[in-house]
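Beneath this line is the structure, given in structure tokens, with notes to follow.
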Amino acid sequence: MARLGVVSEQKEDARVSATPETVGKIIALGYEVVIEKGAGEKSSFPDSQYEAAGASIVDAKTAWSSAIVMKVNPPTDAEIRKLSKGTILISLLSPSLRPDLLEALSRRGVTAIALDAVPRISRAQSMDVLSSMSNLAGYRAVIEAAHEFGRLFTGQVTAAGKVPPAKVLVAGAGVAGLAAIGAASSLGAIVRATDPRPEVADQVKSIGGQYLAVDVAEQMQSSDGYAKATSEAYDKRAAEIYSEQAEDVDIIITTALIPGRPAPRLITAEDVARMKPGSVIVDMAAVQGGNVAGSVAGEKVVTKNGVTILGYSDLPARLPQQASQLFGTNMVNLLKLLTPNKDGNLTLDFEDVVQRAVTVVQEGAITWPPPPIQVSAAPASAAPAEAPSEPAPKKTMSRTARTLLISVGLLVLLAVCTFAPAPLPQHFLVLMLSIVVGFYVIGKVHHALHTPLMSVTNAISGIVVVGAIAQLNTPNLVVQILAAIGVLLASINIFGGFAVTRRMLAMFTKGDR
């Protein structure tokens with residue numbers, strides 16, 4: 001049984017890498033869990049809750065001397081010196097941007113697992129800390145923008161006058177961008193979004209945004225789930241769109257990041273100068289150089305023309321309790337993978353692409369970068385053209401068989417009408433005509449307008465309507481009343497079915513706001 005230590009964060013980060021809820025799950029994997037005293041207080045997790053979950057509260061030295069050390073942020077130089085040879089460190093490490101950190105960990109002889117190196121494949125989604133934190137950051141970016149904006153997001157018509165809705169531009173429709181689009185849209189703003197990946201257009205529209213396509217010849221594809229560097233043609237057209245939008249929108253939120261590279265510059269100083277006084281920009285990439293000219297990492301800047309630029313780098317940490325819970329859950333899912341026997345012994349299997357990707361230093365040897373992983377469903381290169389093959393002949397009933405079947409049906413109908421006692425022939429003839437008319441009426445409706453189940457129910461209802469209408473002129477009053485009720489109920493079913501279908505289709509086809 002290995003001892004796993006949860007240590008406090010530096011730099012005023014209120015998050016913690018494990019919560020009382022996740023501690024219980026880690027203990028269930030066979031680990032002995034110790035928590036540095038006060039590690040969860042800033043996230044509203046007092047030491048008493050950890051003790052109730054089965055963890056021990058210890059001092060910093062004891063926590064850092066554990067066989068496995070868990071934390072949120074990359075360790076500082078002082079914290080690295082606290083690590084013993086052979087220790088396993090699990091935290092965010094930014095391996096692409098911090099080769100010096102990997103060198104320092106290598107010299108210390110530790111094994112380092114980078115939570116921000118989890119590949120974006122389906123089975124690794126539950127361990128993807130970057131997505132969890134980006135989701136919170138996108139939401140918080142909208143809250144910070146709303147606080148600085150000083151106006152309503154939603155439009156209103158009041159006795160005092162009409163209030164127009166705020167206009168928001170989100171640059172980048174990844175996890176953070178989609179969270180920002182959803183939050184701003186739910187607050188009533190008109191939201192527009194750009195992204196070099198055309199496959200995100202439907203996602204943007206589904207949560208209330210308008211996708212601004214950058215029409216160039218190239219098609220951007222992502223092979224690892226992250227955005228790629230764009231071409232010169234794309235950048236030129238995108239710059240024109242940003243300039244156009246800067247004059248019109250009230251709020252801009254930028255989220256564009258490329259792993260291992262400085263953030264691309266999207267909003268120029270000229271774009272900022274075009275914005276109206278009181279406008280707000282949230283640069284979520286400020287910590288990596290910024291998407292916006294004039295943004296400063298971790299600070300709020302107000303330009304000469306009254307535009308507020310927020311370069312906050314701690315947006316997830318501003319929701320510390322929720323962020324810690326999500327972070328801790330991701331950590332538990334990773335530990336489940338690394339502890340297959342649930343015996344408290346962490347083992348690394350480099351045959352597993354997830355474990356290989358997250359292990360950036362192994363016992364002092366730097367193992368970053370890992371072999372590339374293809375995770376996208378991007379279309380494969382076109383195969384050599386082949387001669388078109390003849391389509392398989394469609395199996396249909398022969399003319400002779402069809403004629404024979406129709407003849408048998410007519411003979412049966414004639415026999416029933418000739419020999420059956422009245423009023424059976426009349427009712428049978430009405431039934432046959434109803435089936436034919438109902439089939440052709442419903443069969444001519446395009447399949448996109450109703451589901452297969454609704455097609456059947458509407459067809460049956462159509463038969464009932466035609467048959468009931470035919471009985472309305474019967475001299476018997478009881479039959480007339482029953483026929484009228486049948487027409488009413490069947491009509492309600494038909495028109496109600498189409499109304500429900502129309503509402504279902506409207507859920508997936510949201511027009512421009």
Side-chain angles (χ1 to χ4, degrees), residues 11-13 97 133-153 164-185 187 189-195 209 212 227 230 235 238-258 261-319:
K11 302 179 181 179
E12 303 302 322
D13 194 326
L97 301 174
M133 297 300 102
S134 295
N135 183 36
L136 293 178
Y139 173 85
R140 185 68 190 196
V142 175
I143 301 302
E144 296 292 341
H147 174 70
E148 296 291 344
F149 186 47
R151 268 179 46 197
L152 294 174
F153 267 45
K167 297 177 181 178
V168 180
L169 173 67
V170 178
V175 176
L178 291 174
I181 294 167
S185 179
L187 289 174
I190 297 174
V191 187
R192 303 160 186 165
T194 63
D195 195 279
L212 302 179
T230 52
D235 293 341
E240 295 173 354
I241 292 178
Y242 291 133
S243 297
E244 295 165 1
Q245 294 298 316
E247 292 182 319
D248 185 43
V249 301
D250 304 296
I251 295 170
I252 297 177
I253 298 174
T254 64
T255 69
L257 281 174
I258 301 172
R261 298 182 59 178
R265 183 56 51 89
L266 304 180
I267 308 298
T268 65
E270 290 77 14
D271 296 333
V272 176
R274 289 188 179 95
M275 297 186 72
K276 299 182 289 288
S279 301
V280 181
I281 301 175
V282 182
D283 187 355
M284 297 180 61
V287 71
Q288 288 185 217
N291 298 140
V292 182
S295 67
V296 179
E299 296 185 14
K300 167 185 171 181
V301 176
V302 180
T303 65
K304 292 181 179 179
N305 62 320
V307 176
T308 301
I309 304 176
L310 305 179
Y312 300 151
S313 56
D314 62 342
L315 291 174
R318 295 183 178 223
L319 298 167

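In what follows, residues are counted from 1 in the order of the sequence shown.
- Heavy atoms of other residues, nucleotides or ligands lying less than 6.0 angstrom from OH of Tyr139 number 12 at most.
- The two residues Ile309 and Ser295 make their nearest non-hydrogen contact at CG2-CB, 3.6 Å.
- Annotation for Phe153 and Val142: closest pair CE2-CG1, 4.0 Å, computed over non-hydrogen atoms.
- Residues Gly138 and Met284 share a closest heavy-atom pair of N-CE, 3.7 Å.
- A pairwise comparison of heavy atoms in Leu178 and Ala173 identifies CG-O, 3.6 Å as the closest pair.
- Sorted by first and then second residue, the salt bridge (Lys or Arg N to Asp or Glu O under 4.0 Å) pairs with a member in residues 284-298 form an empty list; sequence neighbours excluded.
- Side-chain contact between Ser243 and Arg274 is present, with at least one heavy-atom pair separated by less than 4.5 Å.
- Residues in residues 295-318 take part in these salt bridge (Lys or Arg N to Asp or Glu O under 4.0 Å) pairs, two or more places apart or across chains: Glu144-Arg318, Glu148-Lys300, Asp314-Arg318.
- Separating the CG atom in Leu169 from the OG1 atom in Thr254 is a distance of 9.5 Å, to the nearest 0.5 Å.
- Between the side chains of Tyr242 and Thr194, at least one donor N or O sits under 3.5 Å from an acceptor N or O.
- Atom CD of Glu12 is surrounded by 12 or fewer heavy atoms from other residues, nucleotides or ligands within 6.0 Å.
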- Task: Walk me through it: do Val292 and Ile252 pass the test side chain to side chain contact (heavy atoms under 4.5 Å, CB included)?
- Result: CA-CA 10 Å; Val292 182; Ile252 297 177; 5.8 Å; no

- Message: Test side chain to side chain contact (heavy atoms under 4.5 Å, CB included) on Asp248 and Glu244; report intermediate values, then the result.
- Response: CA-CA 7 Å; Asp248 185 43; Glu244 295 165 1; over 6 Å; no

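- Put simply, the side chain of Thr303 does not reach to within 4.5 Å of the side chain of Met275, judged on heavy atoms.
- The nearest pair of heavy atoms linking Ile190 to Pro165 is CD1-CG, 3.7 Å.
- Between Ile251 and Ser279 the shortest side-chain heavy-atom distance does not fall below 4.5 Å.
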